[in-house]
Amino acid sequence: MRLSTAERARLCARIVLIMVACAIAGTAIAQSVVDRAKALLRDGKAQEAYALLEPAADQLNDAESAYLLGIAALDSGRAGLAIIAFERSLGYDPNFAPARAELVRALLASGETDQARAELARLQGVQVPPEVRQKLTELEARLAAVADVARRRTSGIAGYVEAETGYDSNINTGSNSRTIAIPLFGGATATLDTVFTRQASTFAVLGTGIVAYHEVQPGLRIFAGADLKGRYNFEKLGNDRYATNYWTGNAGARWLTGAHTVTGAVTYLENKVGGQRLDQQVGAYGQYQYQLDSNNEVGLFLQWLDQKHPIQRSLDTELTLFGAGWRRGLEGSGTPILSLAAYYGDDQQKGNDPSAGRRIYGGRIGFERRLDIGARFYTSLAYQESKYGGENIFFLKKRADKRTDFSVGLAFTPAKDWTLTPQFVWTRNRSSIPVVDFTREQLLVTLRRDFY
């Protein structure tokens, strides 16, 4: 049956009226829930208020309603959910001071004191109601107490254990090409052994580390630690299992005064492949950091490494590298942080082969923020160019590499001191020497437990 123009107009009008009525009813229901939750919170019944508000969370689409959900969550022992609710409230109104003050309280309850301090700093100098100002004073006192406890802990030991598994498309950073032309032999082609071409495998990793520290005097702390990690690849490389392990040790000191932090240490690294020592490094590093304000930190770093390759001593080098970095806390929910770094290195050959030495130029950009699902999102992009000093005897040209590394992942905290991190890592090394021109993808999951 076809409707006349007048009938179609009347039908459209009825549909619009029904939609308006539903919207009004939905708003009325949501407001009723909010009013009842306010009464419950005034009576100290946070658990009941949360049970009332949580099912209607999708309808709480304004700063005050999301703030009430956060209060109910926090006061009923759900600090992680409270952080999400307060950040949602600030998403609706970034200037809603009560939500930011309660976000500080929730971050403190979750043990995230650095982020709590950053959020509290954003409220300095802001006009807030007297009751919020009183809360800010209390929060400042709590942060000071946390810092005081940390300062009084003059000696201690911390450590971690972690397990990792995943898939690696190129466990040996082998060449993308199996067949290459060799200019030294008039351009004759050669087929590379499987050891030198990319091999994929699933893998498992176990790692652990420990550090001991002692505060010699206020602001000056000495430390020493070691890390050990072993990786087992389930696929063979040639006729052997390609198992790798390494251990590192370091000892140094950190000096903290006001906005200045200076750190220096000596380091040692030993890397083994299939039980045979492949790399040995002895070095030192220094770092200076300056806190410009609550949102900005700048720094300088310097590193020196004596790098030995026991299997092929002609590759031994001595690296000097220095650079600068900047970290900035951005406005917005999730406490977003942007970091930038740039560096230059001179890797001098120790023997008579200039093709082992190189100049290094690089940079990195990183970003991280907390997501509504309760995880910390992070990603980084790094680029490095290496220009070698001498001509490769087989390919009759100087080696030049352009390497790009990209990573993205999520860091979940399922329980106190536990971290679950799924991540993806992509590496592309473009080289003028085809044997070291490679691509690598890694998909991995890491579970870590920290001890203090």
Side-chain angles (χ1 to χ4, degrees), residues 170-199 231 233 237-240 242-249 266-285 302-322 343-362 384-403 405 427-440:
N170 193 349
I171 59 175
N172 56 327
T173 59
S175 171
N176 286 336
S177 302
R178 290 188 61 84
T179 304
I180 61 173
I182 305 178
L184 179 64
F185 302 133
T189 60
T191 301
L192 295 175
D193 187 89
T194 54
V195 173
F196 301 105
T197 58
R198 55 184 292 162
Q199 301 293 316
R231 170 168 164 160
N233 297 292
L237 181 65
N239 297 320
D240 300 317
Y242 191 63
T244 62
N245 62 78
Y246 77 84
W247 77 273
T248 65
V266 293
T267 63
Y268 177 82
L269 178 145
E270 191 171 287
N271 181 36
K272 292 184 177 181
V273 177
Q276 187 170 20
R277 191 167 62 183
L278 187 67
D279 299 298
Q280 185 181 21
Q281 298 178 357
V282 177
Y285 74 86
L302 175 67
Q303 184 177 30
W304 172 82
L305 286 177
D306 181 21
Q307 304 180 104
K308 294 183 175 68
H309 304 275
I311 295 177
Q312 193 171 356
R313 298 306 300 267
S314 63
L315 297 178
D316 290 358
T317 59
E318 186 175 300
L319 170 68
T320 302
L321 183 145
F322 61 90
Y343 57 89
Y344 167 78
D346 186 5
D347 201 12
Q348 289 283 345
Q349 75 275 7
K350 298 181 71 175
N352 297 321
D353 184 2
S355 66
R358 59 176 175 161
R359 299 290 179 91
I360 302 171
Y361 312 83
Q384 177 178 292
E385 289 193 11
S386 299
K387 297 182 178 180
Y388 288 76
E391 190 175 85
N392 184 283
I393 61 172
F394 291 102
F395 295 94
L396 305 180
K397 64 172 69 173
K398 291 184 178 181
R399 178 179 168 183
D401 290 0
K402 296 180 179 180
R403 175 168 172 154
D405 290 273
T427 301
R428 177 69 174 101
N429 189 63
R430 292 177 172 83
S431 179
S432 59
I433 307 298
V435 177
V436 288
D437 186 281
F438 69 87
T439 305
R440 185 182 190 185

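In this chain, numbering begins with 1 at the start of the sequence shown. Every heavy atom of this structure was used, including side-chain atoms; hydrogens, water molecules and symmetry mates were not.
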If you look at every heavy atom in [X] and [Y], which pair is closest and at what distance?
X: Ala400; Y: Ser432; result: N-OG, 2.9 Å
X: Pro310; Y: Lys308; result: CD-O, 3.6 Å
X: Phe438; Y: Arg403; result: CZ-NH1, 4.1 Å
X: Gly174; Y: Asn170; result: N-OD1, 2.7 Å
X: Ile311; Y: Arg277; result: CG1-O, 3.8 Å
X: Ala356; Y: Ser314; result: CB-O, 3.7 Å

(request) Test Glu318 against Gln348 for side chain to side chain donor-acceptor pair (under 3.5 Å), laying out the working first. (result) CA-CA 5 Å; Glu318 186 175 300; Gln348 289 283 345; over 6 Å; no
Spacing of [atom1] belonging to [X] relative to [atom2] belonging to [Y], to within rounding of 0.5 Å:
X: Thr317; Y: Leu305; atom1: OG1; atom2: CG; answer: 8.5 Å
X: Lys402; Y: Asp437; atom1: NZ; atom2: CG; answer: 12.0 Å
X: Arg198; Y: Ile171; atom1: CZ; atom2: CD1; answer: 11.5 Å
X: Lys387; Y: Ile360; atom1: NZ; atom2: CD1; answer: 12.5 Å
X: Leu269; Y: Tyr246; atom1: CG; atom2: OH; answer: 7.5 Å

[X] bridged to [Y] by N-O distance under 4.0 Å:
X: Arg428; Y: Asp401; value: no
X: Lys350; Y: Asp306; value: yes
X: Arg359; Y: Asp346; value: yes

Just by modelled atom types, is the [Y] backbone N or O under 3.5 Å from a matching donor or acceptor in the [X] side chain?
X: Asn172; Y: Thr197; result: yes
X: Ser431; Y: Ile433; result: yes
X: Asp316; Y: His309; result: yes
X: Ser175; Y: Pro434; result: yes

(request) Please report the C-alpha distance between Lys397 and Glu391 in whole Å, then the side-chain angles of each, then the deciding distance to 0.1 Å, and finally whether the salt bridge (Lys or Arg N to Asp or Glu O under 4.0 Å) criterion is met. (result) CA-CA 5 Å; Lys397 64 172 69 173; Glu391 190 175 85; over 6 Å; no
(request) Could you check if a side-chain atom of Trp304 sits within less than 4.5 angstrom of a side-chain atom of Leu319, using non-hydrogen atoms only? (result)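 No; the side chains remain at least 4.5 Å from each other.
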(message) Less than 4.5 Å apart, side chain to side chain, heavy atoms only: is that true for Tyr388 and Lys398?
(response)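 No; the side chains remain at least 4.5 Å from each other.
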(message) Quick check on the 6.0 Å ring-centre criterion: do Phe322 and Tyr343 meet it?
(response)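 They do not qualify: ring centres at least 6.0 Å apart.
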(request) Output, in order, the C-alpha distance, side-chain angles, deciding distance and verdict of side chain to side chain donor-acceptor pair (under 3.5 Å) for Asp347 and Gln307. (result) CA-CA 9 Å; Asp347 201 12; Gln307 304 180 104; 3.2 Å; yes
(request) Report the C-alpha separation of Arg231 and Thr244 in whole Å, then their side-chain angles, then the decisive distance to 0.1 Å, and conclude whether the side chain to side chain donor-acceptor pair (under 3.5 Å) test is met. (result) CA-CA 5 Å; Arg231 170 168 164 160; Thr244 62; 5.1 Å; no
(message) With no hydrogens and no angle check, just 3.5 Å: does a side-chain donor-acceptor pair link Asn392 and Ser355?
(response)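 There is no such pair between these side chains.
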(request) Start with the C-alpha distance between Tyr285 and Thr267, add both sets of side-chain angles, then the distance that settles side-chain contact (heavy atoms from CB on, under 4.5 Å), and finish with yes or no. (result) CA-CA 8 Å; Tyr285 74 86; Thr267 63; 3.7 Å; yes
